[in-house]
There are 2 protein chains.
Amino acid sequence: MAASNLVDDWAARLRKEGYRLTAPRRAVIRVLAETSTSLAPDQILRRARRYYPKTGLVTVYRTLDVLKGCGYVRKMHRLDGCHSYAPASAGHAHHIVCERCRAVMEFKGCDLDALIKSVRRRTGYLVKGHWLELSGLCPVCRKEA
Amino acid sequence: MAASNLVDDWAARLRKEGYRLTAPRRAVIRVLAETSTSLAPDQILRRARRYYPKTGLVTVYRTLDVLKGCGYVRKMHRLDGCHSYAPASAGHAHHIVCERCRAVMEFKGCDLDALIKSVRRRTGYLVKGHWLELSGLCPVCRKEA
DNA sequence: TTATTATTGAAAACAATTTTCAATAAGGAA
DNA sequence: TTCCTTATTGAAAATTGTTTTCAATAATAA
């Protein structure tokens with residue numbers, strides 16, 4: 001989906017949920033809707049300031065919270081820290097992240113049913129949720145490697 | 001594997017890698033080898049102090065680093081923060097965590113080959129790694145629910 | 001246009017982790 | 001067993017990342 005449509009969709013949802021669409025908030029939303037890489041708060045801030053120079057770091061965090069609540073962004077997890085966020089679409093999906101350039105892409109259909117059943121049998125746990133994130137090289141970095 | 005054997009194994013490996021086996025370090029190792037739940041640094045500290053009362057928080061962090069490097073502990077990831085660690089065994093494995101009591105259990109055999117191939121086909125990414133963590137209710141909490 | 005109140009961002013506070021540095025102790029060599 | 005080397009320690013300080021405070025501003029409904 002094109003970023004500008006994403007921004008509009010997200011904006012409409014936030015408005016519907018009672019949030020106000022301020023300029024700084026829009027700037028942050030736009031950065032997140034447009035990105036093709038995972039971004040940490042300070043990166044989001046720097047980019048948002050291109051659209052609204054007075055954007056504050058706190059607004060970045062607050063807007064991330066709001067967007068997380070709506071399911072529009074998801075936190076990424078890495079061995080060296082879990083500080084980045086990537087856009088997420090509706091429904092159940094996961095991300096694959098490029099180890100090199102941080103490009104992210106979402107995919108659906110994790111197909112973990114068989115594994116979940118097997119783990120349940122082996123451990124006795126009732127499995128209610130899962131976290132899955134793939135990593136590797138994106139098409140661009142693959143070509144350069 | 002019994003915790004005392006784990007402690008011995010871990011100690012021997014650390015010694016072999018040139019680390020010294022100090023009393024505080026042993027206390028931390030023991031806590032991590034014995035735990036059946038994921039533990040945050042401050043929790044580890046509190047327990048380690050039962051074995052060696054002068055243990056410092058910094059030693060907890062340092063020992064965690066060392067054990068992570070050896071593959072003996074793994075960081076757990078949660079929506080409300082990624083601060084906990086759980087024991088990990090050699091080879092490729094993942095954890096399932098109880099949402100209620102934080103009990104953790106490791107399982108092998110993630111069987112993601114088919115998914116990885118599918119994602120590769122769909123995204124063009126070369127998949128080189130993955131992170132998987134299951135959550136749910138452990139056998140004990142299941143019975144109480 | 002006015003009023004309400006959500007939102008802002010700088011500064012401060014908080015939370016988690018890492019670094020500094022003098023003191024201590026593990027462990028190897030003699 | 002003793003001595004020496006140096007890894008390790010932990011309190012304090014510093015750093016990093018995030019949240020709270022609060023006066024000012026701005027979105028938006030009436």
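Predicted, not measured: the structure shown is a model, and the values here were computed from it. In what follows, chains are A, B, ... by sequence order, proteins preceding strands, each numbered from 1. Atom set for the values below is all heavy atoms of this structure, side chains included, hydrogens, waters and symmetry mates excluded.
Considering only side-chain N and O atoms, B:Y61 lies nowhere under 4.0 angstrom from the phosphate OP1 or OP2 of C:dT18. Residue B:R15 places at least one side-chain N or O under 4.0 Å from the OP1 or OP2 atom of C:dG27. The phosphate of C:dT17 (OP1 or OP2) has a side-chain N or O of B:H83 nearer than 4.0 angstrom.
Judged by distance alone with a 3.5 Å cut-off, a donor-acceptor contact links the side chain of B:R62 to the base of C:dT20. Evaluation of atom-type donor-acceptor distances gives no pair under 3.5 Å for the side chain of A:R26 against the base of C:dT8.
With rounding to whole Å, B:E17 atom CD is found 12 Å from D:dT8 atom P. Atom CG of B:L67 and atom P of D:dT8 are 12 Å apart (whole Å). In this structure, A:D42 atom CG and D:dT15 atom C1' are separated by 14 Å, rounded to whole Å. Computed from coordinates, the A:I29 CD1 to D:dA27 C1' distance equals 14 Å when rounded to whole Å. In this entry the distance linking CG of A:L57 with P of C:dA10 reads 10 Å, nearest Å. Note: CG (A:L14) to C1' (C:dA6) measures 13 Å, nearest angstrom. Between B:R49 atom CZ and D:dT9 atom P there is a gap of 13 Å when expressed in whole angstrom units. C:dA10 atom P lies 10 Å from atom NZ of A:K54, rounded to whole Å.
Residue B:T22 places its side chain closer to D:dT8 than to any other of C:dA16, D:dT8, D:dT18. For B:R20, the listed nucleotide lying nearest its side chain is C:dA25; candidates were C:dA16, C:dA11, C:dA25.
In summary, the aromatic rings of A:H94 and B:H130 are positioned with their centroids too far apart to meet the 6.0 Å limit. Between A:W131 and A:H77, a ring centre-to-centre spacing shorter than 6.0 Å is recorded.
Screening A:I44, A:V28, A:T63 for a side-chain contact (heavy atoms from CB on, under 4.5 Å) involving A:T55 leaves a single residue, A:V28.
Here B:E133 does not pair with B:R78 in a salt bridge; the nearest charged N to carboxylate O distance is not below 4.0 Å.
A:K108 NZ: more than 12 foreign heavy atoms inside a 6.0 Å radius.
Each of B:V58 and B:P24 was assigned the nucleotide of DNA chain C with the nearest heavy atom; the assignment lying further toward the 5' end belongs to B:V58. Comparing B:L21 and B:D65 by the nucleotide of DNA chain C whose heavy atom lies nearest to each, the residue mapping closer to the 5' end is B:D65.
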